[in-house]
There are 6 protein chains.
Amino acid sequence: MDDPPRYRPADSTASPRFSGPRTFMRLPHTKATDDVDAAIVGIPTDDAVSFRSGARFGPEAVRSASVLLRPYSPDLEVDLSETLSVVDYGDAPTVPGYLELTLERVAEFLAPLHREAVVPICVGGDHSIALAELRAAAKAHGPLALVLLDSHADVWDSYFGVRYFHGTVFRRAVEEGLVDPSVSTMAGMRGTLYSESDRYEPGRLGFDVIEWAEMSELAPEDFGTRVLERAGSAPVFVSFDIDFVDPAYAPGTGTPEVGGPTSGEALAYLRSLAGLKLVAADCVEVSPPYDAGGVTAWLAATVCHELLGLTVLGRP
Amino acid sequence: MDDPPRYRPADSTASPRFSGPRTFMRLPHTKATDDVDAAIVGIPTDDAVSFRSGARFGPEAVRSASVLLRPYSPDLEVDLSETLSVVDYGDAPTVPGYLELTLERVAEFLAPLHREAVVPICVGGDHSIALAELRAAAKAHGPLALVLLDSHADVWDSYFGVRYFHGTVFRRAVEEGLVDPSVSTMAGMRGTLYSESDRYEPGRLGFDVIEWAEMSELAPEDFGTRVLERAGSAPVFVSFDIDFVDPAYAPGTGTPEVGGPTSGEALAYLRSLAGLKLVAADCVEVSPPYDAGGVTAWLAATVCHELLGLTVLGRP
Amino acid sequence: MDDPPRYRPADSTASPRFSGPRTFMRLPHTKATDDVDAAIVGIPTDDAVSFRSGARFGPEAVRSASVLLRPYSPDLEVDLSETLSVVDYGDAPTVPGYLELTLERVAEFLAPLHREAVVPICVGGDHSIALAELRAAAKAHGPLALVLLDSHADVWDSYFGVRYFHGTVFRRAVEEGLVDPSVSTMAGMRGTLYSESDRYEPGRLGFDVIEWAEMSELAPEDFGTRVLERAGSAPVFVSFDIDFVDPAYAPGTGTPEVGGPTSGEALAYLRSLAGLKLVAADCVEVSPPYDAGGVTAWLAATVCHELLGLTVLGRP
Amino acid sequence: MDDPPRYRPADSTASPRFSGPRTFMRLPHTKATDDVDAAIVGIPTDDAVSFRSGARFGPEAVRSASVLLRPYSPDLEVDLSETLSVVDYGDAPTVPGYLELTLERVAEFLAPLHREAVVPICVGGDHSIALAELRAAAKAHGPLALVLLDSHADVWDSYFGVRYFHGTVFRRAVEEGLVDPSVSTMAGMRGTLYSESDRYEPGRLGFDVIEWAEMSELAPEDFGTRVLERAGSAPVFVSFDIDFVDPAYAPGTGTPEVGGPTSGEALAYLRSLAGLKLVAADCVEVSPPYDAGGVTAWLAATVCHELLGLTVLGRP
Amino acid sequence: MDDPPRYRPADSTASPRFSGPRTFMRLPHTKATDDVDAAIVGIPTDDAVSFRSGARFGPEAVRSASVLLRPYSPDLEVDLSETLSVVDYGDAPTVPGYLELTLERVAEFLAPLHREAVVPICVGGDHSIALAELRAAAKAHGPLALVLLDSHADVWDSYFGVRYFHGTVFRRAVEEGLVDPSVSTMAGMRGTLYSESDRYEPGRLGFDVIEWAEMSELAPEDFGTRVLERAGSAPVFVSFDIDFVDPAYAPGTGTPEVGGPTSGEALAYLRSLAGLKLVAADCVEVSPPYDAGGVTAWLAATVCHELLGLTVLGRP
Amino acid sequence: MDDPPRYRPADSTASPRFSGPRTFMRLPHTKATDDVDAAIVGIPTDDAVSFRSGARFGPEAVRSASVLLRPYSPDLEVDLSETLSVVDYGDAPTVPGYLELTLERVAEFLAPLHREAVVPICVGGDHSIALAELRAAAKAHGPLALVLLDSHADVWDSYFGVRYFHGTVFRRAVEEGLVDPSVSTMAGMRGTLYSESDRYEPGRLGFDVIEWAEMSELAPEDFGTRVLERAGSAPVFVSFDIDFVDPAYAPGTGTPEVGGPTSGEALAYLRSLAGLKLVAADCVEVSPPYDAGGVTAWLAATVCHELLGLTVLGRP
């Protein structure tokens, strides 16, 4: 790309970064899709969380923290200002108290982006939104390779007699044919379970499961190789649940699990995915009311930044 | 009543009040209804809130604060330990993301209490739960006189294309015949509205509406007289939305409105209702994640205490 | 005005108010001045505060809280959606560590608004910004009548050997001929002083000073009459320092003074100014890091809402 | 006094008030008693609190907030810099887990002050410390007139089988002959009690009891007259429990009671005591870990400031 | 055990885990000891803490966090629902301000559990409570092997002239013959000391001391082997002071020491103790008022969960 | 040194460490320089921070946390009480809003310390203060070897058109000849940058730059050797920006970068500098309003403690 991208972050040496309405990295807020490579999309909902709510303010908090980010990622060696046209596309419509309706409206909201080959980087919102994201993406791309970084596998069958919930999302995605488990990976699982059989359920569904106990022994590059080889040429959806990271680094979330990776480790695993053919991604479960010191939002904003970098590196 | 009540709070001069699992006022936690006059019931949901969530932890926070309460109310001159058998009945079942299902399960959970003539004092949860409470109460008692202390009248027709929400609850209650507006009062309304017509909607539905601007000029005893005269002999449901009170006194709530009463004023208006024939009551919209200093929970616990006192004073 | 205003807040019954990047009341963010009556302008600086900093995040916090506001003010009986075209004009440029340079850049940023007869409602930032606002306004309108609601008169001569500071701003404004004390009022002063002579300094400069001890005995309508009579036909600048209000209602500020008005009282005094010929106004000294429960931001957002209403009511 | 006092606060126009180690009002920290009229003394203990602890950090928080105070009180019309030599005397020794030993050591620590006619203004710490203060003061002055501003009368007989606790302190003081109830006043009582008989216990001990319900109807000057007439020429100990004030104004305390006075009302009652022959005073029960927004510490610091002013005005 | 245990946690797929009064893991709250293998016991005291108080609310916070735990531990491969009958036994009686009396009452409260061979898992409270736990346990089992995970060795001789304090507890335990140092291990010590001789004091008393600098070089399995070999067949008391963990993972504590293990590391060391003959255990020094984001409570709840698992694995 | 040092911390076994006005480690607060080896100096300013302010309260927070420190450092094997006479020298004068003037006054304030060969350990305040510290130190010692531990290199040329800012400080220091880059090291850099060229700028200025990606692979002792060899016999200034550490360990700072070292790692790198000829040092960018749980202040206090230890070990 010779010309600089059409849409770029504001310059923080010209005005202090604490100035102006908060869009992601102070990007233009627009519904335009022309000359757009990627779009930040908020999905403000916490309807489907099983413990602490608050994730409806996740997009606001991540935008607020993101203004501290600068365009060049030294780890990925990508300068977003030079290589990617990005907009803040605003927030998808949600309907508090009506999870299934929310999922429909969100999928519809994302559809135009996929039609225009814009990569949506979604900011949650609880993890239930991944089902809407997958519906929108699969409609355009067919079944996707899922790469999940999460402390929970979210493949329970039902809760309280209902089938849609943040802990059932990937079982539903398989059932609906949105995800192809044979090219997909789930990594980072840890913490207590309802029973031993829970532990083997994702594997029975066909996923490659790398529990945190195993993952923590894998060098990031080895992890990356394993995921990339499994994904092959499939279009990929990366889902980063912030509770993948230890709650010391990410207290602002709904169902934390102690004993997880540091932020540095988590980012290294994420960066190891460079080369995946990314068509959609998200960072979910940031719950600002519990985010002491705001560290969760910093981390989530950085995750989104690196997802943008992976978008650059995953282009054909 | 000659014998002391069967169920009473624990004695805080025997063990420190910060001891033991938190039930309301360290009452027995039981599903018993024999020899029970009133029951504290938590309804942990925040599905239907239009701004800040968190009210699902309202019952926990109110129980936690309530252990500081002692049985005698000097303002009402009622000693609960001597006059009312009260239990902590636990929490109603809720289904996150499925508001209408939640309302059904809550109404069902409350039914046995009304059958046994136990007065439920419910702790929210967002205000949508009032619809479930009214369904359960009206089934046993017929249409009720509503006495609402709230900064919002909650009679909008729909939001986002759906009809059940915390801002539509009393319109639905009228439509379902649960509440008789001609004997009902709404008091405390203030703050910005969508349009001028919003202002007159509750009146058009038949309620006596006392906006805060008018209410603040009324002495509590005059307010009480007006409400009691209107209610007549109807069975009464008192609903106390904590956002009735100024957010300096109750910051822990979802849709605060500045410029409201102090806690002292709010309690005086509440106590002026002594003599109403109370068959059910609630205190709703306490959102602990936003409750700086815990003052909202103290206030809500005190409101519940006075609602128990009103139960004593409203007995035939 | 027959047609509805060109720029209006987003509709919160169509999408939840917690959706999308936060502009004031979800207004359009634009630098347009055509068909614009008033503009919200952030001035994010805390360079000149003598105690707790943090006010640089004041505009972000007020925007965040403002999305809860609806367009109709029942107290002023003004529907902004029907009567006033308002935009979010973004933030003025500031230069941390260089107060005098900041003041120059802010005045320059505001100049086009006054040239186009747009009323700027500025959101601070510390109180030093009023000097820049007054320079911009006086250039277009000549010397202004100041109406100050504040616990401090801010007329000290110097601090630490320098002349520009948030406590010296109105002395500078008089010296520069921006404010005409003979038509101006300062109200709400309270709290400890360096010496008795401090107390009489604003009066010596020619202001009408109404200390809180006196003000609290005045009915709002009498206060309003006194201020309006004094202002006469002069163009007016209203400055609302959030520390005018008691810190229970506004803890998020830099130099709080206990023993002040409630939020309801403060708003009543503000509303009593209806009829003033408002050409500029601000709400300053909101410091979010100290804003437990967010109550200060709610209040400041409401103050801005009523300042917009006063703009409507003050039009010729 | 013609010469200025020997010990005075630092000048906050010379260096910012947020500079330097925090002593009260940036006074000299010294054990000197020569040329000293009054001394601020911290008593950092929370051993005897029945609910939330944390008051051991009360002295630190009050010192931290006090640096914002200036020497002239416009309400009392007293300039401390011109009329009173004050030092920060440091903190009394305490022994966590050994309340009775703490009380002994505190009394001993205060003795030299009374010997040198220095008025100690103590900063708690929980209310149990008043017993130590009274022991020290009564040893020098004989039985004292107590003026208590508090939401609780603290005259219970025992808790958990022990006799020393923050709720029993004034019963012990009467038993030990430290306080003469016939010249003493207790004001501000409110909130729930263990039983109706609790309510009349302070009166049975001989105190004049003014419950908040009655007090709130009394103008401050009438309250002051009643207290002063009762005290007569007795040496006076004023004890200000911060929970006298409503928790919206003072959330940082251990056993809050909703429905109390505002900070402005509380200070007005306190200032009405001008003329009392003050020989000792305290402000207790500030618990910083619960002090959202720091408002409690501001208020307590202001209370101490006015207690210093009352010391000036109560001098023969 | 063929039948499932009599007492088990509530099922969180039937009702949301944020429902109902908080007992540990929503276990039955009962004083029953029949068919009970282990009991969670709160010991709410902070009398003996040398810095920040608040630990009296530790049991409440740990119970609140514990409802997120599920019964199966994948690391220990233990399903509590299938293998261990556990109850929430409530809280031991404490007497604020009377540490020695508290210790007596706590020991007495625990005695029946040891008589019935129920393993008490105690939740502090400050570390002084270990002395009471050891007295109760040693009475039934004779001198115990202590396994201490802590950043401090707590073997100082006296503070402020008294002998009972949270920093002297294990010296007292040795003197009273409750602990046999020759089979005991102290691990995790770090941070500043009063003098170099402090460092060698626990060793002089006969303990095997593994400072954190050494421990961090030991693989968990090697650590476990060393501890188990030393303990031999002695009955074991495991004490987990939450300040063993770095304050980033456990800020909610009274005397934090930076530079410690992560939560993952800490749990790995704890799990390496599988096989010890556990007769009592605790997790202490959780101070909720300082627990930003609640991460300390999550960790402490998980520690208790694994202590229950170790109870299963240590059975003969 | 045979006699114990003249100035030493207070004894925390005699009075609880939470007693008395907070000086660093409860050291004497004095301007004396006789018999003084090192001085703690606060520099309370946040004028030059590009994002979150609040660092003006850094010195207060670090002093508050420091009272928990004991004199012996087991890692450095240094007992401060036996080897170093230290005072709390109070705070340097600052002028909010006038950064350049602040820098002049701070340099002047520090001059007498260097004249008397007292090592100042400064507590920020934002990083701009290092320029003042370097001016004072270089005047006495000539150009210094800088050892910077920081996530940012702070060598940008200008911001907002001005040349003094917390991000430009070391470029200015080189230009003014205060620092000799050829003997200096910058370590810990990470996070996003404005462009790739930013990355190589410090190297172009002549510094040895060790980015965190490289540093994290270096054992502390190897790092120490590299720094010491480069510094040679030059007088050294060590600057520890708290944002060097991961925000999970240090949330209370203005421009955090995720993915950094743990507190244990950071301290190990710091201790590896033993042997450097230290003439001045600082710990900067602690911003208490954002310091959830206070962990940042604990860490910064410990850093200062170890800087005092390095002073002992670096003496000729």
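Letters go in sequence order (proteins before strands), and every chain restarts at 1.
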message: Do Pro96(D) and Tyr159(E) have side chains that approach each other closer than 4.5 Å (heavy atoms only, starting at C-beta)?
response: no
query: Would you say the side chain of Tyr164(E) lies within less than 4.5 Å of the side chain of Tyr98(D), judging by non-hydrogen atoms?
result: yes
- line: Whatever's closer than 4.5 Å to a heavy atom in chain D on Phe165(E) counts as side chain
So if I take each residue of [range] and look for any heavy atom under 4.5 Å from a heavy atom in chain E, which residues do I end up with?
{"range": "residues 285-300 of chain D", "result": "Pro289(D), Tyr290(D)"}
{"range": "residues 40-53 of chain D", "result": "Asp46(D), Asp47(D), Val49(D), Ser50(D), Phe51(D), Arg52(D), Ser53(D)"}
{"range": "residues 56-65 of chain D", "result": "Arg56(D), Phe57(D)"}

statement: Listed by number, the residues in residues 244-259 of chain E that come under 4.5 Å of chain D (heavy atom to heavy atom) are none
message: Could you check whether atom NZ of Lys31(D) has more than 12 heavy atoms from other residues, nucleotides or ligands sitting under 6.0 Å from it?
response: yes
